[in-house]
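Single-structure report; data block below.
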Amino acid sequence: MNRVRCLVFNAALGPLDYRVPPGMTVEPGSVVLAPLGPRQIIGVVWEAERLAGTEVPDHKLRPLLAVLPVPPLPTPLRRLIEWTADYYLAPLAAVARMALSSTAALQGGGTITEYRLTGKTAERLTPQRARAMELLDGQQATIRELAAIAGVSDGVLRGMVGAGLLEAVTVDSDRPYPAADPHHDAPALSSEQAGAAARFIAAVNARGFQPFLLDGVTGSGKTETYFEAIAAALEQGRQVLVLLPEIALTQTFLKRFEARFGVPPVTWHSSLKASERRRAWRSVAFGEAQVVVGARSALFLPFAALGLIVVDEAHEISFKQDDGVRYNARDVAVMRARFENVPVILASATPALESLQMAEAGRYERVVLPARFGGATMPDVQIVDLRTDQPERGHWIAPPLVSALKDRLDKGEQSLLFLNRRGYAPLTLCRTCGYRFQCPNCSAWLVEHRLSRRLACHHCGHEVAPPDACPECHEPDCLVACGPGVERIAEEVAEILPQARVALVTSDTLTSPAKAGEFVEMASSGAIDVIVGTQLVTKGYHFPELTLVGVIDADMGLEGGDLRAAERTYQQVAQVAGRAGRGEKPGEVMIQTRHPEAPVIAALASGDRDAFYAAEAESRRDAGAPPFGRWAAIIVSSEDEAEARDAARGIGGSAPRLDDVLILGPAPAPLSLLRGRYRYRLLVNARRSTELQRVIRQWLDPLRFPPGVRVAVDIDPYSFV
Ligand code: ADP
Ligand code: ZN
């Protein structure tokens with residue numbers, strides 16, 4: 001009797017056993033189609049001994065329907081899926097689903113039909129067609145994808161096909177990517193870079209697990225250095241995964257990669273078309289895609305022959321996923337490297353304390369690039385004390401920064417102003433009655449977006465048009481914007497420097513990799529005088545003419561009591577400061593603050609990173625916080641407040657009493673209402689040595705909740721709201 005256990009893609013079901021019909025061969029990792037009641041379901045054959053299942057007698061087993069035409073999920077990936085599910089207390093099926101992230105790819109190769117404009121126009125176009133023609137310029141995709149781009153129905157586009165405006169193109173979804181050439185244009189490395197590269201290359205050639213912390217100041221050429229490791233992996237015919245924190249950075253990376261290796265790498269992120277996902281996934285699975293660059297979801301791609309993993313800007317918090325499977329891609333990347341038995345490079349100018357600690361403990365090899373490449377110097381940092389150097393009323397740029405901006409404009413150099421807040425103003429209130437605009441679904445103020453004329457919630461996306469009168473007291477024209485967002489700073493720059501060309505860079509303006517590319521093009525060619533941006537512009541970019549960086553409010557991130565607040569402020573300001581003076585001209589950084597004496601501000605001013613990290617480590621040690629202790633958050637939510645509270649109390653009431661585990665709460669979460677759900681939170685703090693996951697599993701597993709209650713566990717949380 002040939003029976004197998006399968007992990008099926010239905011989170012409510014455990015593993016299921018099936019019979020392998022005669023003539024079918026499967027092995028662990030095989031992706032199969034299985035019957036489930038009257039339906040069919042996709043599953044993965046797993047080692048039966050690693051998955052607890054219910055013993056169904058042989059004669060009751062139903063036969064598998066088919067093996068899907070993709071390679072079996074490799075063993076290291078299956079072990080990674082198990083580890084991730086176990087560590088982050090997530091359903092195995094939910095993690096495995098992240099590996100099978102293109103349904104189309106599982107159906108096999110073959111051709112698909114895409115459409116593009118023919119270049120012909122018609123005499124009279126309906127307004128819909130005219131608009132579609134404009135929006136579809138340069139696009140090629142399926143009818144459904146084009147309909148989404150053009151904002152019209154499939155029917156409109158089919159009509160355009162009939163009218164000869166759109167034409168069908170047959171695309172082979174398995175066509176190979178052009179080959180990267182490891183020797184295409186290798187740079188001459190500085191001796192420090194060469195030393196670092198030699199360490200990486202040796203590790204790639206040794207084909208064993210070796211984590212590296214590539215700790216190099218901004219502009220030291222970290223990218224060029226790990227490119228040499230990539231070249232070594234290519235020479236071996238092995239694959240490379242490069243994780244970037246944001247899609248916006250991809251464009252810059254693609255260009256640099258192409259300059260070095262002759263062709264762009266394969267990309268993987270959420271805005272890929274279905275056909276691109278299918279092609280990339282299959283190419284990775286068959287071992288053909290050489291280098292994949294992607295957002296955190298690329299971590300679970302089924303590489304056939306992985307040789308190296310790189311996590312760039314490894315300190316970035318966007319590597320932490322905060323919904324669904326709540327995992328940290330940086331940490332899972334290290335685990336993947338371990339299961340794959342390959343080196344992993346975590347690159348950063350401002351490493352996370354956790355990573356530095358691992359280096360200090362000797363578990364990661366630290367590779368340091370202490371100076372900028374090509375003799376560029378680190379920028380000069382000045383503190384602007386907002387208590388003495390006050391901006392004008394209703395303004396946010398203090399006089400010293402105003403003069404510096406003017407000076408740069410006169411010299412034809414570029415400036416960058418950083419404020420990590422989208423929109424125009426974070427709060428709108430009524431001057432007459434004090435009414436404040438709040439989100440109905442979240443405990444948060446609505447942020448004014450003046451350019452798009454809306455008040456928006458940054459948590460749930462709720463938006464309203466700004467009314468002419470106060471909704472409470474009905475007084476007309478009485479609404480005032482409180483506080484600054486980047487739009488307001490841009491407005492202030494336009495007022496101070498009317499002739500300056502200002503670019504606003506936020507996730508509202510850089511909405512696609514193409515837009516990001518356009519911005520980089522303009523900034524590099526000197527078509528922009530002042531960049532005003534959020535954290536999107538703090539990292540990765542290299543604009544040689546940029547010589548002044550102004551931090552509008554260095555204190556902003558310090559509010560809120562998050563355990564990583566100081567570290568994050570340090571990283572953000574140091575990164576944005578790192579954009580200044582990367583070319584031949586020296587850079588200057590001005591940091592506006594009301595707390596010049598705060599240790600993090602003082603460290604930024606003096607450039608004494610080691611002292612800051614040492615002090616930060618001390619206070620974390622005292623607080624039992626990571627990396628010295630461990631935290632987990634348990635978030636209980638429901639649309640019914642009483643139900644959420646009762647469930648949270650139930651959890652609190654059955655909390656285990658253990659010497660080395662401290663449980664705080666339940667208490668309303670700081671964000672006590674989110675997307676219409678009331679939220680309560682418990683925090684669990686434990687020693688490093690505690691098996692935190694086991695404790696939580698034993699605590700929560702026996703508990704039962706009403707169907708409207710959701711209980712989410714966040715291991716090593718980054719968000720404390
Ligand atoms: P980091 O990522 O460490 O901030 P980059 O890798 O962006 O630094 O390097 C900064 C700049 O210096 C880039 O424009 C890069 O192309 C250039 N650069 C670095 N190393 C070299 C090298 N060995 N030869 C030529 N240019 C280099
Ligand atoms: Zn909201």
Side-chain angles (χ1 to χ4, degrees), residues 185-198 200 213-231 242 244-245 249 251-261 310-316 345-351 367-379 423 426 436-447 449 454-464 520 523-524 537-546 571 574-584 587 637 639 671-679 721:
D185 190 6
L189 299 182
S190 71
S191 65
E192 271 151 352
Q193 289 176 334
F200 301 150
L213 176 63
L214 172 53
D215 181 359
V217 299
T218 52
S220 55
K222 293 186 286 298
T223 317
E224 307 295 339
T225 313
Y226 72 65
F227 273 179
E228 297 314 298
I230 295 179
V242 180
L244 297 179
L249 289 176
Q251 215 61 18
T252 319
F253 184 88
L254 296 187
K255 286 224 176 80
R256 285 184 72 171
F257 187 93
E258 189 167 355
R260 171 67 182 80
F261 296 104
V310 177
V311 184
D312 206 348
E313 311 287 358
H315 63 279
E316 274 293 317
I345 301 172
L346 308 181
S348 176
T350 53
V367 173
V368 180
L369 295 176
R372 282 189 158 176
F373 175 76
T377 51
M378 294 305 283
R436 298 163 169 210
F437 283 84
Q438 196 173 0
C439 177
N441 314 316
C442 307
S443 35
W445 307 126
L446 293 181
V447 178
H449 286 252
R454 63 202 167 101
L455 294 166
C457 172
H458 285 182
H459 296 287
C460 72
H462 170 84
E463 24 178 278
V464 291
V520 171
S524 311
V537 289
T538 56
K539 55 194 164 276
Y541 294 118
H542 179 79
F543 302 132
E545 288 301 315
L546 206 166
Q571 289 166 333
Q575 287 288 344
V576 71
R579 299 312 109 200
R582 293 167 70 97
E584 281 165 11
S637 69
E639 288 177 14
L671 203 57
S672 58
L673 178 65
L674 179 64
R675 291 183 208 102
R677 302 181 68 86
Y678 292 89
R679 305 166 77 240
V721 297

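Heavy-atom basis, side chains included; hydrogens, waters and symmetry copies ignored. Every number for a ligand or one of its atoms is a count from 1 in the order of the listing.
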Closest approach of any protein heavy atom to [atom], naming residue and atom:
atom: atom 4 (O) of ligand 1; value: G219 N, 2.7 Å
atom: atom 7 (O) of ligand 1; value: R256 NH1, 2.7 Å
atom: atom 20 (N) of ligand 1; value: Q193 NE2, 2.9 Å
atom: atom 2 (O) of ligand 1; value: T223 OG1, 3.4 Å
atom: atom 16 (O) of ligand 1; value: E224 OE2, 2.9 Å
atom: atom 8 (O) of ligand 1; value: G221 N, 3.0 Å

Are side-chain heavy atoms of [X] and [Y] found at a separation under 4.5 Å?
X: S190; Y: E224; value: no
X: H462; Y: L446; value: yes
X: L254; Y: F257; value: no
X: Y226; Y: D312; value: yes
X: R582; Y: L546; value: no

Is any N or O atom of P187, backbone or side chain, closer than 3.5 Å to an N or O atom of ligand 1?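 No, there is no polar N/O contact under 3.5 Å.
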
Heteroatom distance test (G216, ligand 1): nitrogen or oxygen, under 3.5 angstrom: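 No, G216 has no N/O under 3.5 Å of an N/O on ligand 1.
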
Distance-only donor-acceptor check, side chains R579 and T538, under 3.5 Å: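 Short answer, no.
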
Looking at the Zn ion (ligand 2), is there an N, O or S atom belonging to [X] that lies under 2.8 Å away from it?
X: C439; answer: yes
X: C460; answer: yes
X: H459; answer: no

Heavy-atom distances under 4.0 Å are what count here, so tell me which part of H542 touches ligand 1: side chain, backbone, both or neither.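 The part of H542 near ligand 1 is the side chain, not the backbone.
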
Considering only heavy atoms, does A347 approach ligand 1 within less than 4.0 Å through its side chain, its backbone, both, or neither?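 It is neither; nothing of A347 touches ligand 1.
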
Determine, using heavy atoms of V217 and all atoms of ligand 1, whether some pair is separated by less than 4.0 Å.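 Yes, that is the case, since the closest heavy atom of the residue is under 4.0 Å from the ligand.
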
Consider ligand 1: state whether an atom of it lies below 4.0 angstrom from any non-hydrogen atom of R372.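 Per 4.0 Å heavy-atom rule, R372 does not contact ligand 1.
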
Using a strict cut-off of less than 4.0 Å between a Lys/Arg side-chain nitrogen and an Asp/Glu carboxylate oxygen, indicate whether E228 and R260 qualify as a salt bridge.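 A salt bridge links E228 with R260.
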
Quick one: closest heavy-atom pair of [X] and [Y], and the distance?
X: H459; Y: C442; value: CB-SG, 3.9 Å
X: K222; Y: S348; value: CE-C, 3.8 Å
X: N441; Y: C460; value: ND2-SG, 3.5 Å

Atoms in ligand 1 with a heavy atom of R582 nearer than 4.0 Å: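 In order of number, 4 (O), 7 (O), 8 (O), 10 (C).
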
Which of the listed options, F373, F253, Y541, holds the heavy atom that is closest to atom 12 (O) of ligand 1?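 Result: the heavy atom closest to atom 12 (O) of ligand 1 is in F373.
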
Just to the nearest 10 degrees, tell me the angle at the Zn ion (ligand 2) spanned by C442 SG and C457 SG.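 So the angle at the metal works out to 110°.
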
N/O donor-acceptor pair under 3.5 Å between R679 side chain and L671 backbone: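 Checking the backbone N and O of L671 against the side chain of R679, a donor-acceptor pair under 3.5 Å is found.
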
